[in-house]
Amino acid sequence: MVKVVVAGAAGGIGQPLSLLLKLNPLVTELALYDVVNSVGVAADLSHIPTPAQITGFLPNTGAGGPSSADEQGQGAVNAMKGADLVVIPAGVPRKPGMTRDDLFNINAGICTTLAQAIAQAAPKAFVLVISNPVNSTVPIFAEVFKKQGTFDPKRLFGVTTLDCLRASTFVASVVGKPTEASKYVVPVVGGHAGYTILPLLSQSQPAIPQEILDDKEKREALTKRIQFGGDEVVEAKAGAGSATLSMAQAGAEFASKVLRAAFGGETGIVAPSYVNLEADAETAKTIRGEIGKDLEYFSVNVELGKSGIAKLNAIGKIDQVEAELLKKAVADLEPSIAKGVSFKAPPPKL
Ligand code: NAD
Ligand code: LMR
């Protein structure tokens, strides 16, 4: 039995993500939590004949599901009860002209209340954070868990999969093989915002032809498109939000990998994620040496296992261009981490 919770399930990401998780054969129970409309989304998805039994929770939903009430507003806690994995696309998205950091003030509070509910009702769950700014919201989750005595760095993940999907698509297009995008695997390290997103083009598999890597203009444009792919969608949606459908696919893909490693008996699954480096203290030393800073969080390829993070992969060999970009990524990441770590939430409102 595997229980998954989506928090923010009625939103632009939440709805298609809930659909994709409803289709995942490893999921037997799916709880959809949101402050609006989650009961309707659950009723809709419940007609799809897959193993996942689905329930919608609002802030005042009791432990018995939609027909029961909780006057204390413990709906989030009730939804989380016994969860094996919680994925969190709750919070506001960007509009044109905004940075992800502009979302901090609203989303930090939302993340804090959800983290408190998880600590109370599902302290052993794998927690997958989508809410922006990921570079700061993941530290917020960690700090709440530390305070509640439930923090396990092996179980907390910032979802950066969308950067890798973009890298595959844009690289395949530049090398002239757009229909083979899914074959291109490009590690993306650092964080999830602008220059903190560092695609390691020199490590692409299959390799990017050297003449493209040596073409300064082409390479800069490709790197920038991956780093600022989110802006492309925000601008195209012109005020109606940011990436939702591609993010739902990315979130479902990453959740599926975590579930396959933890409950499906698969080994050797590797995926990128923004993590607390103490998840693998030994490799953390190597990574901190590579980045030249004692950062607490960084996105790297992660080997998944039964308990979440089995092992981190060091960055490995990078070229001179990437070494320069790494300095910028680290410089931008450091204050975002500090902002999340030092966030003090107002009293919780579930
Ligand atoms: P959206 O506004 O469409 O949906 C957000 C949902 O969260 C809404 O249904 C809202 O009711 C719900 N919500 C608000 N407060 C809540 C709370 N306290 N508890 C539970 N649910 C709550 O936004 P979206 O487009 O789905 O984006 C959601 C977040 O994901 C944004 O912060 C966005 O920036 C981020 N995002 C991250 C990535 C990534 O790569 N990590 C990609 C795309 C978007
Ligand atoms: C993305 O990369 O698409 C998301 O982080 C949403 C955004 O604000 O760009």
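Atoms within each ligand, like the ligands themselves, are counted from 1 in listed order.
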A9, G109, G11, P93: member with heavy atom nearest to atom 2 (O) of ligand 1 | P93
Any I315 side-chain heavy atom under 4.5 Å of F298 side chain | yes
Which atoms of ligand 1 have any heavy atom of N107 under 4.0 Å away?
-> 32 (O)
Would you say M247 and ligand 1 have an N/O pair spaced under 3.5 Å apart?
-> no
Which heavy atom in T137 sits nearest to a heavy atom in C111, and how many Å separate them?
-> CG2-SG, 3.7 Å
So, is G91 polar-close to ligand 1, with some N/O to N/O distance under 3.5 Å?
-> yes
Please say whether G12 places an N or O atom under 3.5 Å from an N or O atom belonging to ligand 1.
-> yes
Please answer whether the main-chain N or O of I318 pairs with a side-chain N or O of Q203 as donor and acceptor at a distance below 3.5 Å.
-> no
Judging by distance only, is a nitrogen or oxygen of N132 under 3.5 angstrom from one on ligand 1?
-> yes
Within reach of ligand 1, part of A90 (heavy-atom separation under 4.0 Å) = both
For ligand 2, what N or O to protein N or O distances fall under 3.5 Å?
{"unit_1": "ligand 2", "atom_1": "2 (O)", "unit_2": "R100", "atom_2": "NH2", "d": "2.9"}
{"unit_1": "ligand 2", "atom_1": "2 (O)", "unit_2": "R166", "atom_2": "NH1", "d": "2.8"}
{"unit_1": "ligand 2", "atom_1": "2 (O)", "unit_2": "H192", "atom_2": "NE2", "d": "3.3"}
{"unit_1": "ligand 2", "atom_1": "3 (O)", "unit_2": "R166", "atom_2": "NH1", "d": "3.4"}
{"unit_1": "ligand 2", "atom_1": "3 (O)", "unit_2": "R166", "atom_2": "NH2", "d": "2.7"}
{"unit_1": "ligand 2", "atom_1": "5 (O)", "unit_2": "R100", "atom_2": "NE", "d": "2.8"}
{"unit_1": "ligand 2", "atom_1": "5 (O)", "unit_2": "R100", "atom_2": "NH2", "d": "3.4"}
{"unit_1": "ligand 2", "atom_1": "5 (O)", "unit_2": "N132", "atom_2": "ND2", "d": "2.8"}
{"unit_1": "ligand 2", "atom_1": "5 (O)", "unit_2": "H192", "atom_2": "NE2", "d": "2.6"}
{"unit_1": "ligand 2", "atom_1": "8 (O)", "unit_2": "R94", "atom_2": "NE", "d": "2.6"}
{"unit_1": "ligand 2", "atom_1": "8 (O)", "unit_2": "R94", "atom_2": "NH2", "d": "3.4"}
{"unit_1": "ligand 2", "atom_1": "9 (O)", "unit_2": "R94", "atom_2": "NE", "d": "3.4"}
{"unit_1": "ligand 2", "atom_1": "9 (O)", "unit_2": "R94", "atom_2": "NH2", "d": "2.6"}
{"unit_1": "ligand 2", "atom_1": "9 (O)", "unit_2": "R100", "atom_2": "NH2", "d": "3.3"}

Note: K124-D152 ion pair, threshold 4.0 Å (strictly below) = no
Using a strict cut-off of 4.0 Å, indicate which atoms of ligand 1 neighbour a heavy atom of V134.
-> 41 (N)
Would N135 and T196 count as having a side-chain donor-acceptor pair, cut-off 3.5 Å?
-> yes
Residues at least two apart in sequence or cross-chain that pass side chain to side chain contact (heavy atoms under 4.5 Å, CB included) with K95, listed by chain then number, are M98
Kindly work out whether a path of hydrophobic side-chain contacts (I/L/V/M/F/W/Y, heavy atoms less than 4.5 Å apart) joins L20 to V4.
-> no
Proximal ligand 1 atoms for T244, defined as those under 4.0 Å from one of its heavy atoms = 25 (O)
Side-chain H-bond candidate by donor/acceptor type, Q210 with D214, under 3.5 Å = yes
salt_bridge(E322, R219) N-O dist < 4.0 Å | yes
Salt-bridge contact R288-D294 (side-chain N to carboxylate O under 4.0 Å) | yes
Within a distance under 4.0 Å of any heavy atom of V36, pick out the atoms of ligand 1 and give their elements.
-> 11 (O)
With no hydrogens and no angle check, do the side chains of S307 and K154 hold a donor and an acceptor under 3.5 Å apart?
-> no
Residue part near ligand 1, for H192, under 4.0 Å between non-hydrogen atoms | side chain
For ligand 1, find out whether one of its N or O atoms is nearer than 3.5 Å to an N or O atom of D34.
-> yes
Can an N or O of V92 be found at a distance shorter than 3.5 Å from an N or O of ligand 1?
-> yes
Is it true that the NZ or CZ of K339 lies under 6.0 Å from the centre of F104's six-membered ring and within 45 degrees of the ring axis?
-> yes
Could an N or O of ligand 1 be found under 3.5 Å from any N or O of A243, whether backbone or side chain?
-> no
In terms of hydrophobic clustering (I, L, V, M, F, W, Y; side-chain heavy atoms under 4.5 Å; direct or indirect links), are L19 and V27 co-clustered?
-> yes
Ligand-side contact atoms (ligand 1) for residue partner L103, heavy atom cut-off under 4.0 Å = 34 (O)
Give yes or no for whether the N/O distance cutoff of 3.5 Å, strictly under, is met between Y33 and ligand 1.
-> no
Between E324 and K328, is the closest basic N to carboxylate O distance under 4.0 Å?
-> no
